[in-house]
Student: 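Questions regarding the structure given below will be posed in turn.
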Amino acid sequence: MIKLDNVSMAFRGRPVLDNISLDIAEGEIMVIIGPSGSGKSTILRLMIGLLKPLAGKIWIDGQEISGASEEELNIIRRNMGMVFQYSALFDSMTVGENVAFGLRQHTALSEEEIARTVRRRLRMVGLNGQESVMPSELSGGMKKRVSLARAIAINPQIVLYDEPTAGLDPIMSTTIDRLICSTRRVLNVTSVVVTHHMSSAFNIADRIAMIYDGRIIEIGTVSEIKKSSNPIVQQFIHGWAKPGEFAKRRSRRSES
Ligand SMILES: Nc1ncnc2c1ncn2[C@@H]1O[C@H](COP(=O)(O)OP(=O)(O)OP(=O)(O)O)[C@@H](O)[C@H]1O
């Protein structure tokens, strides 16, 4: 459903991604992890065509997008929803108008049909009847849920999530994790989730890809990642602070 083939990216001559190749199957939840600044959000922006790669090719549902025109990209994006890092709701619009936004832009649905879809999507994310509330009245977790309802309003085949649980308490994070999984189940969407929360990654992922130094240094199922022999992966997933900490712990354990 999503394919990156030897994709490289640089900003002002500074390399960020170096020959990334990734194949994400239809209906799969792929989680991308990696240190801050390693290029995770850049991968999402490349996938949705907001950035063009310096080298390499990107396919969305069989269509190559790195050479696509803005018009072609707009058609491809109708099949994609994005949940942004800071929810990115339109503050001057009600919750209902936010969720309806893509439907008004991309479909010819009647106002009645739009209202019905908005109601259904808000119910899916546990915000039944909140159409007339303003974003400023919502908690961070509720905003994320509205953002998800907006992303799935147009019935996309693909949903990209940029740190969907950032800034949320553990219970709300679990709620969002469950919503990502139920969205996949109900709508059969392909999901790409960038997160810093390892517990979320382990809860939701079919596969996890770890980015480090511009490359994918490990990719696999949750149990494969947990068993990775790469010390950088082990250090990252355990949150060990210093480079080399993993090796030190291992040698301490073998000494004791
Ligand atoms: N539009 C841009 N112009 C210049 N540099 C950029 C741009 N977008 C990203 N970068 C740089 O590219 C690198 C990767 O950024 P990116 O946001 O993809 O990282 P990330 O892994 O998502 O980080 P974080 O986990 O902190 O959100 C960073 O060094 C960032 O400063």
Side-chain angles (χ1 to χ4, degrees), residues 2-22 24 29-58 60 65-66 68 70 73 77 80-89 140-141 143-144 147-148 151 158-170 172-173 176-177 180 190-205 207-220 225 228 230-243:
I2 304 175
K3 186 177 167 70
L4 272 63
D5 186 15
N6 286 308
V7 168
S8 294
M9 187 65 194
F11 293 109
R12 293 189 207 98
R14 202 174 66 81
V16 172
L17 298 174
D18 178 18
N19 267 307
I20 298 266
S21 292
L22 193 57
I24 304 174
I29 299 181
M30 171 66 77
V31 173
I32 300 178
I33 60 170
S36 259
S38 57
K40 305 179 297 296
S41 302
T42 301
I43 292 179
L44 295 187
R45 282 186 283 155
L46 286 164
M47 284 174 177
I48 206 165
L50 291 174
L51 294 172
K52 292 216 182 284
L54 194 66
K57 287 190 165 29
I58 299 169
I60 301 292
I65 65 157
S66 31
E70 202 50 37
L73 278 174
R77 285 193 197 117
M80 303 175 90
M82 176 130 185
V83 177
F84 291 93
Q85 196 165 355
Y86 299 106
S87 303
L89 299 178
K143 282 184 188 165
K144 295 271 189 195
S147 181
L148 175 55
I158 294 170
V159 182
L160 308 179
Y161 300 86
D162 197 355
E163 305 215 21
T165 57
L168 302 182
D169 69 45
M172 188 49 73
S173 293
I176 298 289
D177 289 348
I180 293 170
T190 305
S191 316
V192 186
V193 185
V194 163
T195 187
H196 276 128
H197 285 173
M198 286 317 304
S199 58
S200 280
F202 291 152
N203 277 342
I204 66 177
R207 281 188 303 155
I208 297 176
M210 177 157 172
I211 312 285
Y212 188 83
D213 236 1
R215 290 171 172 266
I216 295 178
I217 59 163
E218 194 71 277
I219 183 162
I225 290 287
S228 168
N230 186 327
I232 297 170
V233 175
Q234 287 298 332
Q235 186 195 342
F236 187 82
I237 67 176
H238 289 99
W240 291 333
K242 285 186 237 132

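First listed ligand is number 1; within each ligand, the first listed atom is number 1. For the numbers below, each heavy atom of this structure counts, side chains included, while hydrogens, waters and symmetry mates do not.
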Student: Out of S41, G214, G37, whose heavy atom sits nearest atom 17 (O) of ligand 1?
Tutor: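 Among S41, G214, G37, the closest heavy atom to atom 17 (O) of ligand 1 comes from S41.
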Student: When you measure from atom 16 (P) of ligand 1 to every protein heavy atom, which one gives the shortest distance, and what is it?
Tutor: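 Residue, atom and distance for the closest contact: T42 OG1, 3.7 Å.
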Student: Looking only at protein heavy atoms, identify the closest one to atom 8 (N) of ligand 1 and say how far it is in Å.
Tutor: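 So the nearest neighbour among protein heavy atoms is R45 NH2, 3.2 Å.
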Student: Tell me which protein heavy atom sits closest to atom 26 (O) of ligand 1, plus the residue, atom name and distance to 0.1 Å.
Tutor: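 Residue, atom and distance for the closest contact: S36 OG, 3.0 Å.
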Student: For ligand 1, note which part of V16 has a heavy atom under 4.0 Å away: side chain, backbone, both or neither.
Tutor: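 V16 to ligand 1: side-chain contact only, backbone stays beyond 4.0 Å.
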Student: Any atom of ligand 1 sitting under 4.0 Å from a heavy atom of G34?
Tutor: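 No; G34 lies far enough from ligand 1 that no heavy-atom distance drops under 4.0 Å.
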Student: Does S8 use its side chain to pair, donor to acceptor, with the backbone of L54 at less than 3.5 Å?
Tutor: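 It does not hold such a pair.
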Student: At a 4.0 Å threshold, what atoms of ligand 1 neighbour a non-hydrogen atom of H196?
Tutor: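 Numbered from 1, ligand 1 contributes 25 (O).
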Student: A side-chain contact here means heavy atoms from C-beta on lying under 4.5 Å apart; do S228 and E218 qualify?
Tutor: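 In short, these two side chains touch, coming nearer than 4.5 Å.
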Student: Got more than 12 heavy atoms from elsewhere within 6.0 Å of CZ, F202?
Tutor: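 Yes, enclosed.
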Student: Which atoms of ligand 1 have any heavy atom of P35 under 4.0 Å away?
Tutor: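 With P35 as reference, the close atoms of ligand 1 come out as 21 (O).
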Student: Would you mind listing which atoms of ligand 1 come within a distance below 4.0 Å of any non-hydrogen atom of R14?
Tutor: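 The list of qualifying atoms is 11 (C), 12 (O), 13 (C), 28 (C), 29 (O).
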Student: Of the non-hydrogen atoms in I208 and I225, which two are nearest, and what is the gap between them?
Tutor: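 So the minimum-distance heavy-atom pair works out to O-CD1, 3.6 Å.
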Student: With a cut-off of 4.0 Å, which atoms of ligand 1 are near a heavy atom of E163?
Tutor: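 That gives atoms 25 (O), 27 (O) of ligand 1.
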Student: In the protein, what heavy atom is nearest to atom 1 (N) of ligand 1, and what distance, to one decimal place, separates them?
Tutor: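 Answer for atom 1 (N) of ligand 1: F11 CE2, 3.8 Å.
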Student: Of all the atoms in ligand 1, which lie at a distance below 4.0 Å from a heavy atom belonging to K40?
Tutor: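 Answer for ligand 1: 18 (O), 19 (O), 20 (P), 21 (O), 22 (O), 23 (O), 24 (P), 25 (O).
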Student: Is there a side-chain contact between Y161 and V192 in this structure, where contact means two heavy atoms from C-beta onward sitting under 4.5 Å apart?
Tutor: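 Not in contact.
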Student: Can you find a pair of side-chain heavy atoms, one from M30 and one from I219, that are under 4.5 Å apart?
Tutor: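 Side chain of M30 against side chain of I219, heavy atoms only: contact under 4.5 Å found.
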Student: Would you call L46 and I58 a side-chain contact if the rule is heavy atoms closer than 4.5 Å?
Tutor: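 A side-chain contact under 4.5 Å exists here.
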Student: Determine whether L22 and I2 make a side-chain contact, defined as any pair of heavy atoms from C-beta on separated by less than 4.5 Å.
Tutor: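 No, their side chains stay 4.5 Å or more apart.
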